[in-house]
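First up is the structure itself, then whatever we jot down about it.
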Amino acid sequence: MSVLRVGNASGFYGDRFSAMREMLTGGELDVLTGDYLAELTMLILGRDRLKDPEAGYARTFLRQLEECLGFARERGVRIVANAGGLNPAGLADAVRALADRLGIPVRVAHVEGDDLGAAHPGALAAHAYLGGFGIAACLRAGADVVVTGRVTDAALVTGPAAAHFGWAPTEYDRLAGAVVAGHLLECGAQATGGNYSFFQDGDVRRPGFPLAELHADGTSVITKHDGTGGFVDVGTVTAQLLYETGGARYAGPDVTARLDTVRLGQEGPDRVRVEGVRGEAPPPTLKVGLNRLGGFRNEVAFVLTGLDIEAKAALVRAQLEPALAKIADVRWELARTDRPDAATEETASALLRLVVRDADQQVVGRALSGAAIELALAGYPGFHVLAPPGKGAPYGVFEDVYVPHGAVDHVAVLHDGRRVSVAPPPVQDTVVLAQVPEPPLPQPLPPGPVRRAPLGLVAGARSGDKGGDANVGVWARTDDAWRWLAHELTADRFCELIPEARDVPVTRHQLPNLRALNFVVEGILGEGVAAQARFDPQAKALGEWLRARHLDIPESLL
């Protein structure tokens with residue numbers, strides 16, 4: 001069958017608004033996807049729905065469609081997006097109303113069944129990660145627009161691929177290839193040079209959004225529309241492939257993709273072939289993301305300038321200690337951004353950050369703000385803050401649990417109103433997830449002279465969050481660099497370079513086909529991004545910090 005061209009126009013709720021129009025008008029497409037959901041987004045939509053029961057979906061998607069639905073209809077491009085969030089039926093109705101108002105005949109379907117709130121009454125949002133076969137059912141029935149709630153990010157691609165090529169649920173290798181393609185597309189411009197360690201290799205001022213040319217055997221080519229910014233090469237694809245993953249087995253509701261089988265090759269300018277992907281039966285359970293309100297938080301950043309930085313920080317802490325005694329969680333962080341004999345006041349200053357959390361808004365609100373501001377004329381010399389503390393804002397907590405496939409009622413609601421149940425995989429067709437044995441290490445480099453230098457001179461990295469865990473994918477650009485990296489960057493060495501990781505479990509996974517290592521750092525993010533437990537709550541820059549650390553690197557690599 002023909003190649004299926006699937007593009008992406010959104011990597012998160014708030015991504016480039018014009019991307020939908022750019023993708024629809026910039027070149028050939030068959031399907032345009034949009035990923036609007038993240039762990040934090042589900043919490044935001046949950047709070048929206050508390051205020052308005054008719055809300056709970058990504059309103060940006062509707063505004064984009066108002067401009068672009070006509071383009072999609074003219075070009076025969078189907079649109080698949082998880083913008084339905086907590087209310088996919090509501091979004092489907094809103095899209096129909098929009099199409100009627102615009103006079104554009106479109107068939108709108110949606111997928112539901114992910115909402116497990118009734119089983120988790122203490123959660124603001126509780127949603128299972130569904131697979132792609134509900135989307136496939138909608139498309140096979142003729143839908144032009146399919147909106148979903150919480151599906152896996154890759155399902156936005158596996159669904160259209162299964163519908164187009166007629167794949168059965170047990171065609172694991174083909175499905176796994178589509179999962180990898182979906183994972184490569186899901187974060188938008190991250191596959192085309194955005195957030196890329198070696199961003200200076202091309203012009204990334206305005207990267208285009210990616211698309212995948214999918215084939216019936218599950219292979220694909222990752223590319224972008226001609227004339228758009230950014231670039232697609234083996235490095236940008238490797239970086240995105242490692243993003244927010246763990247070991248060699250990348251589990252999903254439809255299939256477990258083996259990341260250690262992926263082979264990447266540069267087919268031409270801005271074209272990377274993805275092949276060799278093997279798939280296995282999915283695990284017997286589905287992941288469920290639970291979002292709940294954890295309490296209230298507040299923060300204040302004190303600016304400490306000039307001499308005696310440590311003593312000034314100690315004075316603030318001593319002065320505020322009585323006001324903080326009743327607060328459940330108090331965290332201080334001193335960032336020594338100051339320099340000696342600095343030429344500017346800003347570079348002569350350090351930041352002392354105080355973050356407090358408690359179930360009582362009053363405790364972290366006026367009690368803290370009053371005590372902090374009262375120090376304005378009675379504190380350390382040069383006292384000032386970046387901004388006054390507020391009244392205390394609610395924060396969220398994310399956790400995941402697992403339920404059997406049969407615990408959800410996965411339903412495709414077709415454009416004509418018919419409801420089609422999507423059968424879960426039979427228990428005998430599932431496999432409990434287990435770690436892949438570590439492959440043998442490559443031959444080490446021969447001994448030779450070394451030089452103290454940043455890791456980033458020979459390796460790229462990309463990091464991200466999954467609940468309270470972080471992952472850091474690190475890859476080498478040459479075979480020799482891989483031979484050195486695989487032996488040098490052990491889990492113990494990682495913890496030496498990243499001191500925050502010393503008190504939490506760190507697991508290293510090898511992916512030799514990608515010349516890559518993936519580190520999973522458990523619990524470093526506390527209760528997840530919404531809890532904002534650390535300076536970089538989503539670990540987005542953890543990999544770049546690692547690249548900036550110095551090691552003894554063979555001179556032959558530099």
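Ring planes of F231 and Y196: perpendicular class, angle over 60° (limits at 30 and 60°). Classified by interplanar angle (parallel below 30°, tilted 30° to 60°, perpendicular above 60°), the ring pair Y36/Y13 is perpendicular.
D35 and N82 share a donor-acceptor pair across their side chains, judged by distance under 3.5 Å alone. A donor atom on one side chain and an acceptor atom on the other are not found under 3.5 Å apart for D480 and S556.
Environment of CG in L433: crowded, with over 12 heavy atoms of neighbouring residues, nucleotides or ligands closer than 6.0 Å. Within a 6.0 Å sphere centred on CZ of R205, other residues, nucleotides and ligands contribute 12 heavy atoms or fewer. For E496, the CD atom is densely surrounded, since the number of other residues' heavy atoms within 6.0 Å is greater than 12. Within 6.0 Å of CD in E54 there are 12 or fewer heavy atoms belonging to other residues, nucleotides or ligands.
Annotation: cation-pi geometry not satisfied between R353 and F535 (NZ/CZ under 6.0 angstrom from ring centroid, within 45° of ring axis). For R59 and F61, the positive end is not near the middle of the six-membered ring at less than 6.0 Å and at most 45° from its axis.
Atoms NZ and CG, on K466 and N471 in that order, are 9.0 Å from each other to the nearest 0.5 Å. With rounding to the nearest 0.5 angstrom, the OG1 atom of T238 is 10.5 Å from the CG atom of N513.
When all heavy atoms of T337 and A350 are compared, the closest pair comes out as OG1-CA, 3.5 Å. In plain terms, the two heavy atoms of C495 and A501 that are nearest each other are SG-O, 3.6 Å.
In this structure, H183 contributes its side chain and L241 its backbone to a donor-acceptor pair below 3.5 Å.
Here Y380 and F383 bring their ring centres to under 6.0 angstrom of each other.
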